[in-house]
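What follows is a single structure, written as structure tokens, with notes after it.
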Amino acid sequence: MGLLNEIVGTDDLDARVRELATTISSRAQNTVRSSKVIIDKILDNTGEDDTVIGLYADGYTSDDYAEGVAAFLAKRQPQFE
């Protein structure tokens with residue numbers, strides 16, 4: 001089911017949390033915010049409603065999406081707004 005992605009020892013936990021937080025904060029903030037809403041809806045068992053569909057559409061039409069695709073094709077790091 002993918003419920004467990006990795007095991008981290010207690011001595012390495014803080015460093016791993018910082019690493020993950022740095023990775024997440026480097027992503028397109030529109031995507032991070034939308035992901036939080038979608039995850040909350042999944043946890044609430046709300047399902048895919050108009051809000052979620054709108055978030056998907058906004059994501060695919062955003063400047064950040066275009067930048068991500070361009071960066072991938074150019075094999076460079078994206079520069080999100």
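Fair warning: this is a prediction, and the values are worked out from it, not measured in the lab.
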Quiz item: Between atom CZ of Arg18 and atom OG1 of Thr23, what is the distance when rounded to the nearest 0.5 Å?
Solution: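 With rounding to 0.5 Å, CZ (Arg18) is 13.5 Å from OG1 (Thr23).
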Quiz item: Heavy-atom count around Asp58 CG within 6.0 Å, excluding the residue itself: above 12?
Solution: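 Buried by this count: over 12 neighbours within 6.0 Å.
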Quiz item: Would you say Phe72 and Val69 are hydrophobically clustered, going by side-chain heavy atoms of ILVMFWY under 4.5 Å?
Solution: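 In one cluster: yes.
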Quiz item: Counting only N and O atoms by type, is there a donor-acceptor contact under 3.5 Å from the side chain of Gln29 to the main-chain atoms of Arg27?
Solution: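 Such a contact is found between Gln29 side chain and Arg27 backbone.
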Taking only distance into account, with no hydrogens and no angle test, what donor-acceptor pairs under 3.5 Å do side-chain atoms of residues 73-81 form with protein atoms, sequence neighbours excluded?
{"unit_1": "Arg76", "atom_1": "NH1", "unit_2": "Glu67", "atom_2": "OE2", "d": "2.6"}
{"unit_1": "Arg76", "atom_1": "NH2", "unit_2": "Glu67", "atom_2": "OE1", "d": "3.2"}
{"unit_1": "Arg76", "atom_1": "NH2", "unit_2": "Glu67", "atom_2": "OE2", "d": "3.3"}

Exercise. Answer whether the closest heavy-atom distance between the side chains of Val52 and Glu48 falls below 4.5 Å.
Key: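 Contact flag for Val52/Glu48 side chains = yes.
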Distance-only donor-acceptor pairs under 3.5 Å for side chains of residues 32-42, two or more places apart:
{"unit_1": "Ser34", "atom_1": "OG", "unit_2": "Asn30", "atom_2": "O", "d": "2.9"}
{"unit_1": "Ser35", "atom_1": "OG", "unit_2": "Thr31", "atom_2": "O", "d": "2.8"}
{"unit_1": "Lys41", "atom_1": "NZ", "unit_2": "Asp49", "atom_2": "OD2", "d": "2.9"}

